[in-house]
Amino acid sequence: MNAMELKIPPPLVWLVCAAAAWLSAHYLPARALDMAALRWLVWPLLLCGVLLALPALALFVRARTTMHPRAPERSSRLVTGGVYRFSRNPMYLALALLLLAWVLWLGNGVGLVWPALFAAYLTHFQIVPEERALAAKFGQEYAQYCRRVRRWF
């Protein structure tokens, strides 16, 4: 296990990336794209993020299993229904969509690096370690789920 794995909760990583996007927009004003033309995407991205996050959270509550991102080994049940039929990580996907919406709202093309870095960081330091823990805990059931459902979308 890498020293950084499962150390920083994804919402905190999101906040750091959102703050970095704001700083980029204010201190690196170069525009790599015509961001104003993309602003119409802000509200659909926000809506998609919320429509992914809320049911995903509700399914974890209903299953009475942990949502603690630093302790996936405490999971008591494998949640595979609802939005989890389309993404193994709908809560993280929702955070990525919300971050992308924020970057588009800020209107700075340089900021597009932050959602990409967010996804890369989460994949390497959060999702892959979670997958190892869930595979160890749920074995074949989790392996079959991984074959059916993609990691992000």
Side-chain angles (χ1 to χ4, degrees), residues 1-25 38-106 108-153:
M1 187 162 153
N2 182 306
M4 287 297 296
E5 289 181 352
L6 303 173
K7 295 294 183 211
I8 304 172
L12 183 56
V13 176
W14 186 93
L15 283 172
V16 168
C17 288
W22 183 86
L23 290 169
S24 297
L38 297 175
R39 279 216 174 138
W40 68 271
L41 288 170
V42 169
W43 294 108
L45 288 169
L46 284 172
L47 181 63
C48 287
V50 169
L51 291 177
L52 275 172
L54 293 179
L57 290 167
L59 286 167
F60 265 58
V61 169
R62 188 176 312 140
R64 294 189 177 136
T65 191
T66 186
M67 283 184 271
H68 195 298
R70 295 182 57 207
E73 70 281 354
R74 291 186 196 162
S75 297
S76 60
R77 297 182 68 186
L78 190 58
V79 178
T80 61
V83 293
Y84 289 91
R85 289 177 297 148
F86 309 107
S87 171
R88 294 196 312 257
N89 299 286
M91 287 185 247
Y92 301 153
L93 178 57
L95 287 173
L97 292 173
L98 295 173
L99 184 59
L100 181 57
W102 173 240
V103 166
L104 293 177
W105 178 260
L106 292 171
N108 186 301
V110 174
L112 291 172
V113 72
W114 298 109
L117 288 174
F118 174 78
Y121 179 91
L122 276 194
T123 298
H124 186 75
F125 293 109
Q126 186 67 40
I127 294 171
V128 170
E130 282 181 1
E131 289 174 344
R132 281 196 310 264
L134 294 173
K137 180 127 188 171
F138 297 106
Q140 189 61 29
E141 182 184 6
Y142 185 70
Q144 289 173 348
Y145 174 62
C146 289
R147 284 192 290 274
R148 282 192 325 270
V149 180
R150 296 173 64 114
R151 181 179 278 160
W152 280 94
F153 59 89

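As a basis for the values below, the full set of heavy atoms in this structure was taken, side chains included, without hydrogen atoms, waters or symmetry mates.
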Would you indicate whether [X], at its atom [atom1], is surrounded by more than 12 heavy atoms from other residues, nucleotides or ligands within a distance under 6.0 Å?
X	atom1	answer
Arg148	CZ	yes
Arg62	CZ	no
Arg64	CZ	no

Ignoring hydrogens, what is the shortest heavy-atom contact between [X] and [Y]? Give both atom names and the distance.
X	Y	answer
Ala63	Val79	CB-CG2, 3.8 Å
Leu52	Ala94	CB-CB, 4.0 Å
Arg85	Thr80	CG-O, 3.3 Å
Val42	Trp105	CG2-N, 3.6 Å
Phe138	Arg77	CZ-C, 3.6 Å
Leu59	Gly81	CD1-O, 3.5 Å

Any non-hydrogen side-chain atom of Leu98 less than 4.5 Å from a side-chain atom of Leu45? no

With rounding to the nearest 0.5 angstrom, report the [atom1] to [atom2] distance, [X] to [Y].
X	Y	atom1	atom2	result
Met91	Leu57	CE	CG	5.0 Å
Leu41	Leu97	CG	CG	11.0 Å
Leu106	Leu23	CG	CG	10.0 Å
Glu130	Arg70	CD	CZ	12.5 Å
Arg88	Cys146	CZ	SG	4.0 Å
Trp14	Trp102	CH2	CH2	7.5 Å

Set out, in order, the CA-CA distance, both residues' side-chain angles and the distance that settles side chain to side chain contact (heavy atoms under 4.5 Å, CB included) for Arg151 and Val128, then state yes or no. CA-CA 10 Å; Arg151 181 179 278 160; Val128 170; 3.9 Å; yes

Distance-only donor-acceptor pairs under 3.5 Å for side chains of residues 110-124, two or more places apart:
unit_1: Trp114; atom_1: NE1; unit_2: Ser24; atom_2: OG; d: 2.9
unit_1: Thr123; atom_1: OG1; unit_2: Ala119; atom_2: O; d: 2.8
unit_1: Thr123; atom_1: OG1; unit_2: Trp152; atom_2: NE1; d: 3.0

One pair to check against side chain to side chain contact (heavy atoms under 4.5 Å, CB included): Gln126 and Ile8. What are the steps and the verdict? CA-CA 8 Å; Gln126 186 67 40; Ile8 304 172; over 6 Å; no

Are Glu5 and Arg132 ion-paired here, with the side-chain N under 4.0 Å from a carboxylate O? yes

Walk me through whether Tyr84 and Val149 qualify under side chain to side chain contact (heavy atoms under 4.5 Å, CB included). CA-CA 8 Å; Tyr84 289 91; Val149 180; over 6 Å; no

Between the main-chain N or O of Phe60 and the side-chain N or O of Thr65, is there a donor-acceptor pair closer than 3.5 Å? no

What pairs with Tyr145 under ring-ring contact (aromatic ring centres under 6.0 Å, His included), at least two apart in sequence or on another chain? none

